[in-house]
Structures are given as structure tokens and as C-alpha cells.
There are 2 protein chains.
Amino acid sequence: MTRKRISESTIHRLSLYYRALSLLEKENYETVSSKELAKREKLTPAQVRKDLSFFGTFGTRGLGYPVRELKHQISSILGIDRVWRVALVGVGNIGSALVSYKEFAKQGFQIVKLFDNDQRKIGSNHKGIVISDIANLETELREANIEIVVLAVPATVAQYITDDVVRAGIKAILNFAPVNLKVPPDIYLRHENMSMELEYLSFALVNNHVPKRNS
Amino acid sequence: MTRKRISESTIHRLSLYYRALSLLEKENYETVSSKELAKREKLTPAQVRKDLSFFGTFGTRGLGYPVRELKHQISSILGIDRVWRVALVGVGNIGSALVSYKEFAKQGFQIVKLFDNDQRKIGSNHKGIVISDIANLETELREANIEIVVLAVPATVAQYITDDVVRAGIKAILNFAPVNLKVPPDIYLRHENMSMELEYLSFALVNNHVPKRNS
DNA sequence: TCATATATGTGAAAAGGTTCACAAGAATAT
DNA sequence: ATATTCTTGTGAACCTTTTCACATATATGA
Ligand SMILES: NC(=O)c1ccc[n+]([C@@H]2O[C@H](COP(=O)([O-])OP(=O)(O)OC[C@H]3O[C@@H](n4cnc5c(N)ncnc54)[C@H](O)[C@@H]3O)[C@@H](O)[C@H]2O)c1
Ligand SMILES: NC(=O)c1ccc[n+]([C@@H]2O[C@H](COP(=O)([O-])OP(=O)(O)OC[C@H]3O[C@@H](n4cnc5c(N)ncnc54)[C@H](O)[C@@H]3O)[C@@H](O)[C@H]2O)c1
């Protein structure tokens, strides 16, 4: 268990390193320097080395990092060297897109349960999964040993469903609805907010923005 | 033109304030304190006041901020008090979901052009927009006066299409493909990376993470 | 009119995150 | 063997962001 407190930015960059390493592996690189890794994800070599140093010493001086080995280490740090059982609530536009996305499963996020409140959808088979009735959310989340819930429901019902999800003992939620959900402090809650990124672009264009620090 | 350099975090929080203010307006609030605004978006009152202070003085001591007025001010700062002409490339799973999403248009992001390379899709009418051939990307982006391009194509072709988009004079790109795109320094490029958020949840669960600073 | 309560706006302090710079380890060439 | 080159790992310096704390301004009630 990581006892040092790691910043969110570092964790996000681990995802980037993982992605870059996957590509490097495909390109048959044996080793990679912090310089090359940094270049591929628009970061600095010092940043790469500092981030990795929080978790151990993975490199060889004069040579760099072993690609396969480091990739494996990062997947272990991120906890994606295993399968996570994920449920998705709201099989609408965005929900359907997420279910169809094969990369999630490849990274260990396996969507094994779908929920909706639309009678036309309930019971139907969607990409090999039968859509469950939202009325049975709590019991079925428990029975299926779900660990992560993805919310793709209208903003108006998101809080209500969240309360149910929390009651089912779920500790991690990814929310696509543009609303700030109230959850107990021991729940990990993340938001996917696409409007925010569009609004950033809008701001940047209008103000000719030069960020103080780069993303 | 904002000459002071504003941090990305501040801009992202402006989006949150805007969202909260929209709701407050619906709830018929006349004024709102930094305290209430902070509570609704899980921030601190000082943070709210500091952020707003970068752009002017909008509040009244002893009373708070006028909801309608502040909302309007923020929409002007973010540049969403106007219509942006957006094109979307790749009308697949996620692309279709984005086109169907009415909130974008309500916030001024109007998707007016769709592109794909699939012959079965080209020429067909999708939510009132005829899908164009990717072969005509550059000319049609220019002719339609597109200002923002959303990329929802496979990662393998994303860089290639980006080069075209840049050649068409587009200055703002929102990319959904999990790949770091190379663009000239005067282009605003943002990434929507859903795996990253899932991986954060995974990390948090595995490591019992307490972030150093909250999101 | 005055007292009290409320809440902003903002310098200054504190906390956090990034970059620098270099000692030290390892590979490679001579 | 030794020199040279390369590149890591990491304290310390630097820069950015957040939080604190309070002077200041307004509203409200007596
Ligand atoms: N579509 C997008 O591109 C997009 C982009 C950003 C954010 N979002 C957000 O994602 C969420 C879903 O958007 P969407 O476009 O997929 O909407 P949608 O209407 O297509 O899908 C919502 C789904 O949720 C189901 N649902 C409604 N109430 C429910 C309930 N009480 N219990 C269970 N299921 C319920 C509906 O039957 C539907 O299948 C919304 O909050 C939206 O704001 C969507
Ligand atoms: N579906 C998801 O939930 C999801 C989640 C995260 C990221 N993404 C990313 O979003 C992108 C799209 O994903 P998707 O699931 O919608 O895939 P998809 O295959 O359903 O859609 C891709 C679309 O792009 C079109 N396309 C392919 N090559 C093209 C080209 N050269 N020019 C123009 N159009 C072209 C295809 O015809 C198709 O319509 C991918 O990069 C994916 O990694 C998707």
C-alpha cells in the first residue's frame, strides 16, 4: 500500500506513461530514456523521473528504463493488472458508446452489468449483456460483486441513483452527468465533463490564452 | 483580452461556477455567497472569491454575488455567450453520442459538420446533418467557417486527420482518441481521456489513496 | 443613526508541484 | 584498465496555487 501521498497529476501521468510504454513495446523497444518518454507525452524528463521515483527505482543509469518491465510495474501500481467488475447505469447515447468500447475491457475494466429504467430496454440483450431493471440496482450490484459504477444517466436522476449505488457498498463511481454528486467521504468519485474541455477551448480562443502552467 | 495569465484550474472552475449559477437561477436565487457557491461545487469560499477576482469585482459585500449577472459575466469570460461552429470527425460510437447531445448546442457549441470515411455513412443524414467525405475535410472546414474540431476517430488515424485539420486553419481541437497528437504551438488541443479517470479510480481503490490536494 | 451581522476582495503565508543541477552508477569505446 | 558517454535518482531551488486572515463595504434591525 502506497503510504506516501501521491498527487493526482502524478497518477494521471502514470496513465500516460503506461500508454506510451504500450506503444514502445509494440515498436520493439527494449529500453526507453526519460527523455524519450517525456517527448512522447509532452512532458519533461525530470518530471518522468520524479514521478517514477515515488514508486521505486526502475531504471538503469546510462541505459534508461526497461520497457516491458516498467509497463508491468505501472500496471501494477495503477491496479490495472487485474480485472475490475464494472456496472454501467443508463444505456443511452453515451452509455451505449461506452459498452461498445473494447479498450476498457482490454485495460481490465470489464462492464458486466447494465441498468436502465426504460421498459423497452430492460431485458433486452445489449452487446451480450441483458439490461437489468434499475429497481433491482442495489441487490444486483451486490450479487454481481461490482466494484466500480459508471453513471450515464440524466443529471436530474444522477444523485438519486448515486445514493442507491453508495447504499450497495460501491466505493468508486465515474459520473458523466454534469452535476456535482454528494457522496460520503470514503467514496472515490470522478467526473467526466466534456463541456468543460469545450469551454476551455472557447476561453482560450476568445482570450488568446497562454496557460501559466501547461496541462 | 485577458492579459493576466490565468491558470487552467481557474478556467475549469469557472465552468463549475457557471453550471452552479444556472441551477441557482432556476431555483430563483437572486444572490449567492461564495460560501454557497463553494459548497455546491465542493470548493472553498476563498477559492471562489480569488478565482472571480482575477476577472473583476462582481459581488456586493454583505450580500454576495448577483446570480443572473454573474452567470452572464462568466459566460462572457468563457466565450460561451456566442455560437461556436463545431465539426465532428468520426461518426462512430462516441461521435454519434456527441451529435445527439443537445446540451452542447445550448452552451453555444453547434455541431454543423460531420465527417467520416465510411462509404455507407457518407451522404447519409445524421440528426439533420449530411455526413461529408473525409476526403473533402480541408475545403469543407474552410467553407463552413468551422472554429472547433472534435476528433472521434480511431487512434491510428488521429494524427493524420489532425494534420489536415491544422492545415485547414483550425485553432482548437478536442481529441477523444487515446494518443498524444503533435500540433504546432499556436493550436489549442485538449484531450478527453476516459481511461485515465477509470485508472485513477483503480489506483485509488488499490492504494487506498488520499490525494495530497483534492480534484 | 448606530450597532451588529454578513460577506467581499486581497495581500501575505502556507502548501504543493515542477524544474534544476549534479553526484553516482552503468554501458561502451579505446 | 581507463576514459568517455549516457542517463538515472534526488535534494534543493523555484514557481504556482491554495488558504488564511482581515480591512472594508454593505445590509438589516433596533
Ligand atoms: N451524449 C453525450 O455526448 C454526453 C456528453 C456529455 C455528458 N453527457 C451526460 O451523460 C448522461 C447521459 O447522456 P445521454 O446522451 O446518453 O442521454 P440518454 O437520454 O441518451 O441516456 C440516458 C439513459 O438513462 C436512462 N435513464 C433515465 N432515467 C433513469 C433512471 N432513473 N434509472 C436508470 N436509467 C435511467 C434512459 O432510459 C437512457 O437510456 C447525461 O447526464 C448527459 O448530460 C452526455
Ligand atoms: N466508444 C467509447 O466509449 C470511447 C471511449 C473513449 C475513447 N474513445 C475513442 O474515441 C475514438 C472513437 O471511438 P468509437 O468507439 O466511436 O469508434 P468507432 O469505430 O465506433 O468510430 C470511429 C469512426 O471513425 C470513422 N473513421 C475511421 N477512420 C476514419 C478516417 N480516416 N477518416 C474519417 N473517419 C474515420 C469510422 O468510420 C467510424 O465511424 C477512438 O479513438 C476511441 O479510442 C471511445
Can you work out whether A/Gly62 or A/Ser7 has the more 5'-proximal nearest nucleotide on DNA chain C? A/Ser7

If you only use heavy atoms from C-beta on, which nucleotide in [options] is closest to the side chain of [X]?
X       : options                : value
B/Thr60 : D/dT17, D/dA27, C/dT10 : D/dA27
B/Ala46 : D/dC20, C/dT8, D/dT18  : D/dC20
A/Lys50 : D/dA12, D/dT19, D/dA21 : D/dA12
B/Arg61 : D/dG9, D/dT24, D/dT18  : D/dT24
B/Arg13 : D/dT8, D/dT18, C/dT10  : D/dT18

N or O in side chain of [X] less than 4.0 angstrom from [N] OP1/OP2:
X       : N      : answer
B/Ser34 : C/dT8  : yes
B/Thr44 : D/dT19 : yes
B/Gln47 : D/dT17 : no

Nearest-angstrom distance from the residue atom [atom1] of [X] to [atom2] of [N]:
X       : N      : atom1 : atom2 : value
A/Phe58 : C/dG25 : CZ    : C1'   : 18 Å
B/Leu43 : D/dT17 : CG    : C1'   : 13 Å
B/Glu8  : C/dG16 : CD    : P     : 20 Å
B/Asp51 : D/dT19 : CG    : P     : 10 Å
B/Glu36 : C/dT8  : CD    : P     : 11 Å
A/Arg49 : C/dG25 : CZ    : C1'   : 14 Å
B/Tyr65 : C/dT6  : OH    : C1'   : 13 Å
B/Leu37 : C/dG9  : CG    : C1'   : 15 Å

Quick one: on DNA chain D, does B/Leu63 or A/Leu52 contact a more 5' nucleotide (nearest heavy atom)? A/Leu52

Does A/Tyr29 have A/Arg40 sitting over its ring (NZ/CZ under 6.0 Å from centre, angle to axis within 45°)? yes

Under 6.0 Å from the ring centre and within 45 degrees of the ring axis: does the NZ or CZ of A/Arg190 meet both conditions for the six-membered ring of A/Phe176? no

Answer with base, sugar-phosphate or nothing: what part of the nucleic acid does B/Thr10 contact at a heavy-atom distance below 4.0 Å? nothing

Does B/Lys35 come within less than 4.0 Å of B/Glu41, counting only side-chain N to carboxylate O? no

Under a 4.0 Å N-O cut-off, is there an ion pair linking A/Glu199 with B/Arg19? no

Polar contact flag, side-chain donor to acceptor under 3.5 angstrom, A/Glu103-A/Gln107: no

